[in-house]
Amino acid sequence: MAKFLTNRDENYAQWYNDLVIKAELAENSAVRGCMVIKPYGYAIWEKIQAQLDSMFKATGHVNAYFPLFIPKSFFSREAKHVEGFAKECAIVTHYRLKSDPNGKGVIVDPSAKLEEELIIRPTSETIIWNSYKNWIQSYRDLPILINQWCNVVRWEMRTRLFLRTAEFLWQEGHTAHATREEAVEETVKMINVYADFAENYMALPVIKGYKSEAERFAGAIDTYAIEALMQDGKALQAGTSHFLGQNFAKAFDVQFTDKTGKLDYVWATSWGLSTRMIGALIMAHADNHGLVLPPRLAPIQVVIIPIYKNTEQLDTISKAAVKIRAGLEAAGMTVKYDDRDTNKPGWKFANYELKGVPVRIAIGPRDIENGTVEIARRDTLEKETIKMDTAVKHISALLEDIQKNIYIKASEFKKENTRYVDTWKDFVSILDNEGGFIMAHWDGTPETEEKIKEETKATIRCIPFDSPEEEGKCIFSGKPSKKRVLFARSY
RNA sequence: CGGGGUGUAGCGCAGCCCGGUUAGCGCAUCUGGUUUGGGACCAGAGGGUCGCAGGUUCGAAUCCUGCCACCCCGACCA
């Protein structure tokens, strides 16, 4: 069947790449590592944005915008932060070009060198905290609950469309608080917002937990993450929320007077989620026919395709189609009626399957005669014929069912591929053969974590919040451990 | 940065080893017609600095030298 896509089970990486290109989500650009996000891919991002934005607003946040450029010196203020990002920064050194005296084209004008180089933001903590210094004097100025939608640049050695690109789109929340407790509470609140979004909108089951010291955000006291499992058994970090303590307040000298008149440094959090989520959407749900979009994030939820032999038939069908579309739209659904004469119905069927449209309606002469429509659901590819006048009610319920079904399918996959392992031999063998999540004991040291990574390429994805206390022995060192942690190979 | 590979039409490739006159194939595109309930068919047409520069030769996509770009593996990567 799917002769236009590489088979998922034969070459997962190629299948992913093919799908991104063929479903017209994105493509590589003239700039190495940077992608062009095409209209259909961007429409998915807009759905993600709209939903998350409303969730941020509902939890008291507001949007703002800070500069793309960050003075180099800002980075060195926080030692761990600069260490973490130094190796992947794009740097602006000049501000002018001039014609090449030796030939055609232009060269960088050497006389236009910047006094201080500017870093293209890989993340905005430093530029934002530099502003917060001016905004915060008193506990009355707190909390500050700001989010920013923007692009960032991280000069990655090796890139993949959506999963790791040199430039990507994201949101980054940066909050300032009077107390440690409040900041920690914010950090937890936001990882919960991400998990809620992932599970209820992306239909993506996730594991919430703490990052180990080695995997923590550069400059954070604590990093919380949601980890998702992809269909090839690899983990994907889907969102992170950081408790930054007073690190950035100290680096940028942001102090405030508390209620008792005492001077103290401000407590910070930051949290982010990126276009990588589109990669997660693909790798978690898509199949050999193409994308499978959860209805809540699908730019088109229902597509109507007419089947006709001549213009008279098309006219009749169009009348019925437009009526159904109006009914579906009135009920809040996003509908496209594709009456283009440039492609045959079969081509359209395959194309909308490739693009993951949750529900397809086909209307032909047979249906007009019988007062019916044929509907097909993308997740299971099942077709049924229903009475035309029940379409709105039926499809409305069907979209809900598809949303649920995709989530259940992903949950079952996650459950089947999460294994409790107690011996090193099993650990290695499962990683090599089955992949997936592994819950195993760890002695808590960075040394052991590093050795496990070296030998197996598996990392600690997180220490799940809900991992129960139990006596055990470290999978690698045999030393005592009180909790299982989540291991996996990851993207 | 180390190892390997590839640059030929919008995309995917053949031709190169063994030099030869008009550089070919599939997809896509355009025109006309027949089609339309699962990726249509027939006929015709358009589209090329053969990555760049130099060299060898009567003659270079093909051989030689240099350069550039990209891809894969490794290193690197919250």
Side-chain angles (χ1 to χ4, degrees), chain A residues 1-6 11 13-14 17-18 21-22 27-33 80-81 83-89 103 122-123 125 152 154-160 163-166 168 170 172 210-220 222-227 235-242 244 270-274 276 289-290 305-311 313-314 317 338-355 360-370 372-376 381 383 385 449 453-454 457 459-462 489-491:
Chain A
M1 187 71 181
K3 50 191 167 183
F4 295 86
L5 268 185
T6 301
N11 187 342
Q14 190 62 46
N17 233 350
D18 271 15
I21 305 285
K22 299 226 162 100
E27 62 189 26
N28 284 306
S29 72
V31 181
R32 197 197 73 87
K80 289 242 171 73
H81 192 64
E83 195 184 301
F85 286 104
K87 280 179 280 181
E88 50 184 44
C89 284
T123 181
E125 277 77 7
V152 288
R154 297 179 187 181
W155 212 265
E156 301 285 357
M157 304 288 276
R158 230 156 133 182
T159 58
R160 284 187 78 188
L163 297 176
R164 172 171 288 115
T165 47
F168 56 91
W170 78 342
E172 47 180 331
Y210 308 88
K211 284 288 182 183
S212 65
E213 198 186 327
E215 298 280 330
R216 222 170 264 162
F217 175 78
D222 231 331
T223 289
Y224 306 156
I226 50 172
E227 292 286 329
L236 185 80
Q237 177 177 298
T240 46
S241 182
H242 315 291
L244 303 173
S270 70
W271 27 275
L273 184 148
S274 75
R276 178 181 245 201
H289 298 269
I305 297 171
I307 296 158
Y308 59 94
K309 287 190 164 63
N310 52 52
T311 47
Q313 279 186 355
L314 177 60
I317 290 163
D338 187 353
D339 62 348
R340 289 176 301 168
D341 194 29
T342 47
N343 293 101
K344 291 180 58 174
W347 186 92
K348 291 178 187 173
F349 290 176
N351 197 246
Y352 289 106
E353 275 166 15
L354 183 60
K355 294 201 164 182
R360 177 184 75 232
I361 304 177
I363 312 175
R366 218 159 61 199
D367 296 301
I368 297 295
E369 210 170 293
N370 302 332
T372 59
V373 292
E374 181 192 85
I375 63 174
L381 297 169
K383 289 194 264 197
T385 300
E449 184 182 7
K453 186 181 174 183
E454 271 172 27
K457 288 184 179 165
T459 50
I460 297 173
R461 300 320 305 155
C462 71
R489 287 191 182 141
S490 76
Y491 276 98

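Letters go in sequence order (proteins before strands), and every chain restarts at 1.
- Among B/rG38, B/rC77, B/rG39, the nucleotide with an atom closest to any side-chain atom of A/Phe349 is B/rG38.
- Atom name C1', nucleotides B/rU22 and B/rC18: the rounded distance is 22 Å, in whole Å.
- As rounded to the nearest Å, B/rG47 and B/rG3 have P atoms that lie 44 Å from one another.
- Considering only residues two or more places apart in sequence or on other chains, A/Glu227 meets the salt bridge (Lys or Arg N to Asp or Glu O under 4.0 Å) condition with A/Lys211, A/Arg461.
- The side chain of A/Lys383 has B/rG38 as its nearest neighbour among B/rG74, B/rG39, B/rG38.
- Take A/Trp155 and apply the ring pair (Phe, Tyr, Trp, His ring centres under 6.0 Å) test, not counting sequence neighbours, and it matches no residue.
- In this structure, the nucleotide among B/rG38, B/rU36, B/rC77 sitting nearest to the side chain of A/Arg164 is B/rC77.
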Output a table of nitrogen or oxygen pairs between the protein and nucleotides 40-46 of chain B separated by less than 3.5 Å.
none

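- Looking at residues two or more places apart in sequence or on another chain, you find a side-chain contact (heavy atoms from CB on, under 4.5 Å) between A/Asn351 and A/Trp347, A/Leu354, A/Lys355.
- Residue-level contact check: A/Arg360 touches the bases, meaning some heavy atom is under 4.0 Å from a base atom.
- Contact annotation for A/Lys457: backbone-only contact, meaning every heavy-atom pair under 4.0 Å involves sugar-phosphate atoms and none involves a base.
- No donor-acceptor pair under 3.5 Å is formed between the side chain of A/Thr159 and the backbone N or O of A/Ala166.
- Looking at residues two or more places apart in sequence or on another chain, you find a ring pair (Phe, Tyr, Trp, His ring centres under 6.0 Å) between A/Tyr210 and A/Tyr224, A/Phe465.
- Base-pairing analysis of RNA chain B finds the following stems of at least three consecutive Watson-Crick or G-U pairs, with both pairing distances under 3.5 Å: B:1-7 with B:68-74, B:10-13 with B:24-27, B:29-34 with B:40-45, B:51-55 with B:63-67.
- Comparing the C1' positions of B/rU62 and B/rG15 gives a spacing of 9 Å, expressed to the nearest Å.
- Scored by the salt bridge (Lys or Arg N to Asp or Glu O under 4.0 Å) test, A/Arg164 finds A/Glu156 as partners (sequence neighbours excluded).
- One finds no side-chain N or O of A/Lys348 lying less than 4.0 angstrom from the OP1 or OP2 phosphate oxygen of B/rG39.
- For A/Leu236, the side-chain contact (heavy atoms from CB on, under 4.5 Å) partners at least two apart in sequence or on another chain are A/Leu163, A/Met230, A/Arg276, A/Ala280, A/Tyr491.
- Side chain A/Asn343 to base B/rG39: no donor-acceptor pair is found below 3.5 Å.
- Residues that satisfy the salt bridge (Lys or Arg N to Asp or Glu O under 4.0 Å) test with A/Arg360, not counting sequence neighbours, are A/Glu353.
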